[in-house]
**Q** 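Sending over a structure as structure tokens; questions will come in a sec.
The chains referred to below are lettered A, B, ... by the order of the sequence lines, with proteins before strands, and numbering in each begins at 1.
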2 protein chains.
Amino acid sequence: MDLNHRKLRILRAIVDEYILSGAPVGSKVLSQNPSFRLSSATIRNEMADLEDLGYLEQPHTSAGRVPSDKAYRLYVNNMMQRSNLSADEMETMSAYCRNRVKGLDAVMRETANVLSSITHYTALVTMPENAANRLRHLQLVPLADGYALVVVVTDAGVARDAVIHVPTDMGPDELDKISRTISQRYYNCRMSELTGRLLREMGSELLDKGAFLQELADTMEAGQGANAQRIALSGANNLLDYPAYGDIDRARQLLAEIEKKDTLYRLLKNAGVVEFSFRIGSELGTDIFKDCSLVTATYRIGTTPVGTMGVIGPTRMPYGKVVTVLDYMSKSLGGILTNVLEEE
Amino acid sequence: MDLNHRKLRILRAIVDEYILSGAPVGSKVLSQNPSFRLSSATIRNEMADLEDLGYLEQPHTSAGRVPSDKAYRLYVNNMMQRSNLSADEMETMSAYCRNRVKGLDAVMRETANVLSSITHYTALVTMPENAANRLRHLQLVPLADGYALVVVVTDAGVARDAVIHVPTDMGPDELDKISRTISQRYYNCRMSELTGRLLREMGSELLDKGAFLQELADTMEAGQGANAQRIALSGANNLLDYPAYGDIDRARQLLAEIEKKDTLYRLLKNAGVVEFSFRIGSELGTDIFKDCSLVTATYRIGTTPVGTMGVIGPTRMPYGKVVTVLDYMSKSLGGILTNVLEEE
DNA sequence: CTTTAGCACTCAGCATCTTTGAGTGCTAAT
DNA sequence: ATTAGCACTCAAAGATGCTGAGTGCTAAAG
């Protein structure tokens with residue numbers, strides 16, 4: 001007993017139907033589908049086999065069957081086809097592309113909004129980041145006595161800011177001078193190397209300012225990671241749609257988890273750098289997301305991958321449509337960023 | 001028939017009890033409270049009066065009474081007393097204060113986290129802003145050909161960034177020169193005046209760069225508002241606790257509304273600059289928030305009010321406790337910012 | 001050997017009915 | 001003015017029964 005052609009066809013029909021209706025699907029509806037020339041009894045037998053093989057599950061004895069995670073996995077790998085979008089949906093996306101330039105934050109937020117409004121699920125977009133990020137500019141702006149704001153601009157277009165302590169005998173002029181020195185000397189230096197080089201090479205010039213230099217370096221190192229943690233989120237309310245009705249506690253857990261940016265970050269990160277990644281139900285690891293799936297896509301500046309966007313929905317989401325949307329949006333976002341950030 | 005002393009005492013007891021239990025309170029529980037030397041029948045009569053006066057409502061004939069918005073208003077104005085916090089809660093807040101300096105974003109987020117974790121409601125904190133914001137530094141960082149990143153630092157410690165177009169014949173050096181000129185000439189200039197002055201006074205120096213100057217000015221003007229729209233939000237999942245159980249649609253609406261930052265911004269803004277503001281149920285205007293209350297506090301840098309923080313919860317929230325927490329947190333946040341930002 | 005008709009069986013979901021108990025308003029006595 | 005007492009109301013929680021979609025199995029037909 002293995003997955004012959006007919007079993008595959010039936011399985012596929014079940015997944016399609018279930019994604020569409022959300023209700024367990026029985027043998028009768030399938031037999032009514034004219035593309036099957038089979039009686040419900042025959043289909044029942046096949047379904048029993050599929051259940052034994054672990055592709056189907058039965059909520060209770062007298063209900064239809066529901067696809068298991070394993071079935072979705074098979075579906076996504078072998079049977080899914082991208083679906084076309086409605087004119088409305090296309091229009092939403094191209095309106096997004098026609099937008100004028102803005103701050104990076106705004107672009108990310110808008111990307112997430114479009115994603116969630118088309119899919120009706122929860123959308124996530126990470127800020128662009130890359131271990132190879134290069135320095136464009138660094139500025140120390142004096143605040144109150146003993147404090148300064150560090151602003152770092154990288155070639156990923158990110159302005160990161162943090163407050164650090166400065167020696168009280170360091171005036172605005174000196175801070176400005178240091179800013180220019182660093183900006184010039186380390187222009188285009190990889191951020192991953194910058195920390196070390198700063199400490200090594202500037203130590204002699206700032207002999208008596210060791211603590212200051214150390215804090216500055218630390219900040220830039222921390223900024224690397226911290227910045228990536230900024231994730232644009234949109235459509236969290238859609239989470240409430242699908243947790244089995246009335247199960248409000250479940251919904252709370254989900255929401256609480258979604259609010260923790262580091263959970264999200266880990267999830268998105270785990271996808272790795274692939275065109276598309278699907279993680280279905282149990283594959284997500286956590287029990288909390290046990291009937292959710294996460295589909296992600298990588299976006300690029302030029303040809304280097306710099307970020308991830310994704311959609312969290314129920315395992316029974318229309319994967320074909322979601323992939324189509326993610327594909328379009330990741331390319332659009334990549335295009336926008338490439339335009340603005342890439343040097344020729 | 002008016003609000004004599006006894007009626008007030010009864011009303012107060014009802015509100016206290018209802019906030020505590022969440023269930024409609026009947027005459028019997030009140031009469032058992034030893035501080036009343038009255039039979040349940042007498043209390044029933046008084047309660048009937050209070051209902052006629054609009055302070056109480058009855059979910060259905062055979063249930064106890066529930067305070068109306070009007071009752072809460074009276075309670076908040078005249079009867080509420082601040083409550084003490086548990087040792088744990090105090091500890092959470094002072095741990096927050098002991099934190100090392102960080103970026104503004106992080107501080108705001110953490111403030112919201114603490115607020116929501118102590119109150120178990122949804123917390124909001126606006127970024128510091130003020131029409132009197134003054135310029136500290138402006139930097140134009142060249143990106144790809146034809147684009148630059150504008151970074152603006154104000155005395156509210158905010159680094160705002162946006163991408164603008166620049167004429168292609170403007171090199172990095174020129175951009176840097178402009179940055180220094182503006183930073184120096186307009187140091188400490190009010191942001192509200194900056195736009196106008198830039199256009200008027202720099203026009204002659206950048207004769208052939210009119211479009212560029214205009215866009216720069218526009219960006220800074222827009223940044224004023226846009227920045228304020230950034231609101232740290234925490235504990236949205238707590239919204240799911242109180243919408244009448246099972247009423248999942250209601251919860252969705254609430255969440256969707258909360259996600260719209262501009263709604264939030266308006267709500268917080270409407271509070272005006274007062275020490276504390278309470279808006280109870282219908283007073284919030286929207287039907288969506290009809291059984292919610294919003295309590296806000298203003299925080300200051302030095303003595304100038306620069307932002308608002310608040311808590312959204314059910315109308316039956318323990319106002320006394322919430323005020324205590326807001327008071328402490330607004331002062332703490334104010335203190336932190338003042339320390340870092342204020343010039344002596 | 002494969003397919004199918006037929007039948008007995010299961011069980012969630014829904015509607016209906018009943019019971020329970022907390023709470024009320026009114027009246028008459030204190 | 002207060003209160004005891006009583007009849008009344010009604011939501012919430014159980015109990016009961018019905019329905020229908022769906023199953024598994026068996027035996028006959030292809």
**Q** Tabulate atom names and distances for all N/O pairs under 3.5 angstrom spanning the protein and nucleotides 7-11 of chain D.
**A**
| residue | atom | partner | partner atom | Å |
| --- | --- | --- | --- | --- |
| D:dT9 | O2 | B:Ser62 | OG | 3.4 |
| D:dC10 | OP1 | B:Thr61 | OG1 | 3.3 |
| D:dC10 | O4' | B:Ser62 | OG | 3.3 |
| D:dC10 | O2 | B:Ser62 | OG | 3.2 |

**Q** Any side-chain donor-acceptor pair under 3.5 Å between A:Asp16 and A:Tyr75?
**A**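 Note: A:Asp16 and A:Tyr75 side chains meet the donor-acceptor criterion.
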**Q** Which residues, if any, of residues 12-26 of chain B bring a heavy atom under 4.0 Å of DNA chain C?
**A**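 Close to the strand are B:Gly26.
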**Q** Would you say B:Arg37 reaches D:dA1's phosphate, i.e. side-chain N/O to OP1/OP2 under 4.0 Å?
**A**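 No, B:Arg37 has no side-chain N/O under 4.0 Å of OP1/OP2 on D:dA1.
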**Q** Using a strict 4.0 Å threshold on nitrogen-to-oxygen distance, state whether A:Glu57 and A:Arg65 make a salt bridge.
**A**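 No.
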**Q** Figure out the CZ/C1' separation between A:Phe36 and C:dT4, and round it to whole Å.
**A**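 Distance, rounded to whole Å: 17 Å.
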**Q** Taking CD from A:Gln58 and P from C:dC11, how many angstroms apart are they, rounded to a whole number?
**A**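 For the pair A:Gln58 CD and C:dC11 P, the rounded distance is 10 Å.
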**Q** Tell me whether the guanidinium CZ or amine NZ of A:Arg9 lies under 6.0 angstrom from the six-membered ring centre of A:Phe36 and within 45° of its axis.
**A**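 Positive - A:Arg9 is close enough to the ring of A:Phe36 and near enough to its axis.
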**Q** Without decimals, in angstroms, what is the distance between A:Glu46 CD and D:dG24 P?
**A**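 Checked: the CD to P distance equals 13 Å.
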**Q** Would you mind reading off the distance between A:Asp49 atom CG and D:dG24 atom P, rounded to a whole angstrom?
**A**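 Atom CG in A:Asp49 sits about 10 Å away from atom P in D:dG24.
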**Q** Using atom CG of B:Leu56 as one end and atom P of C:dG23 as the other, report the distance to the nearest whole Å.
**A**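 From B:Leu56 CG to C:dG23 P: 14 Å.
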**Q** Relative to the 5' end of DNA chain D, which residue comes earlier, A:Gly64 or B:Leu38, by the nucleotide with the nearest heavy atom?
**A**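 Comparing both residues, the 5'-ward one is B:Leu38.
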**Q** Taking only side-chain N and O atoms of A:Ser27, does any of them lie within less than 4.0 angstrom of OP1 or OP2 on D:dT23?
**A**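 Yes.
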**Q** Between the side chains of B:Arg279 and B:Asn270, does any donor sit under 3.5 Å from an acceptor?
**A**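 No - no donor-acceptor pair under 3.5 Å links their side chains.
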**Q** In plain terms, say whether B:Asp69 and B:Lys290 are close enough for a salt bridge, that is, a side-chain N and a carboxylate O under 4.0 Å apart.
**A**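 Here B:Asp69 does not pair with B:Lys290 in a salt bridge, since their nearest N and O are not under 4.0 Å apart.
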**Q** Rounded to the nearest Å, what distance is computed from the CD1 atom of residue B:Ile43 to the P atom of nucleotide D:dT3?
**A**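 Going from CD1 in B:Ile43 over to P in D:dT3 covers 9 Å.
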**Q** May I ask you to decide if A:Tyr319's main-chain N or O and A:Arg82's side chain share a donor-acceptor pair within less than 3.5 Å?
**A**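 A pair under 3.5 Å: no.
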**Q** Does the side chain of B:Ser40 come under 3.5 Å of the side chain of B:Ser27 through a donor N or O and an acceptor N or O?
**A**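 No donor-acceptor contact under 3.5 Å links the two side chains.
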**Q** Please report the C-alpha distance between A:Met329 and A:Val125 in whole Å, then the side-chain angles of each, then the deciding distance to 0.1 Å, and finally whether the side-chain contact (heavy atoms from CB on, under 4.5 Å) criterion is met.
**A** CA-CA 11 Å; A:Met329 291 300 291; A:Val125 185; over 6 Å; no
**Q** How close or far is atom P of C:dC11 from atom CZ of A:Arg65, stated in whole angstroms?
**A**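 Rounded to whole Å, this separation is 14 Å.
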**Q** For the side chain of B:Ala48, counting heavy atoms from C-beta on, which of C:dG25, D:dT2, C:dT3 is nearest?
**A**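 Shortest atom-to-atom distance from the side chain points to C:dG25.
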**Q** Looking only at the side chains, is there a donor atom on one of A:Asn33 and A:Ser35 sitting less than 3.5 Å from an acceptor on the other?
**A**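 Looking only at side-chain atoms, A:Ser35 and A:Asn33 do form a donor-acceptor pair, the distance falling under 3.5 Å.
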**Q** Set out, in order, the CA-CA distance, both residues' side-chain angles and the distance that settles side-chain contact (heavy atoms from CB on, under 4.5 Å) for A:Leu264 and A:Leu233, then state yes or no.
**A** CA-CA 10 Å; A:Leu264 292 187; A:Leu233 177 74; 4.2 Å; yes
**Q** Any N/O pairs under 3.5 Å between the protein and nucleotides 26-30 of chain C? List them or say none.
**A**
none

**Q** Taking only the side-chain heavy atoms of A:Ser39 (C-beta and beyond), determine which of C:dT24, C:dT4, D:dT3 contains the nearest atom.
**A**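 From the listed options, C:dT4 comes nearest.
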**Q** Donor-acceptor pair, B:Ser21 side chain versus B:Ala23 backbone, under 3.5 Å?
**A**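 Yes; judged by distance alone, with no hydrogens or angles, the pair exists.
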**Q** Set out, in order, the CA-CA distance, both residues' side-chain angles and the distance that settles side-chain contact (heavy atoms from CB on, under 4.5 Å) for A:Leu124 and A:Val311, then state yes or no.
**A** CA-CA 6 Å; A:Leu124 312 169; A:Val311 167; over 6 Å; no
**Q** What's the CG-P distance between B:Leu30 and D:dT2, to the nearest Å?
**A**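 In whole Å, D:dT2 P lies 16 Å from B:Leu30 CG.
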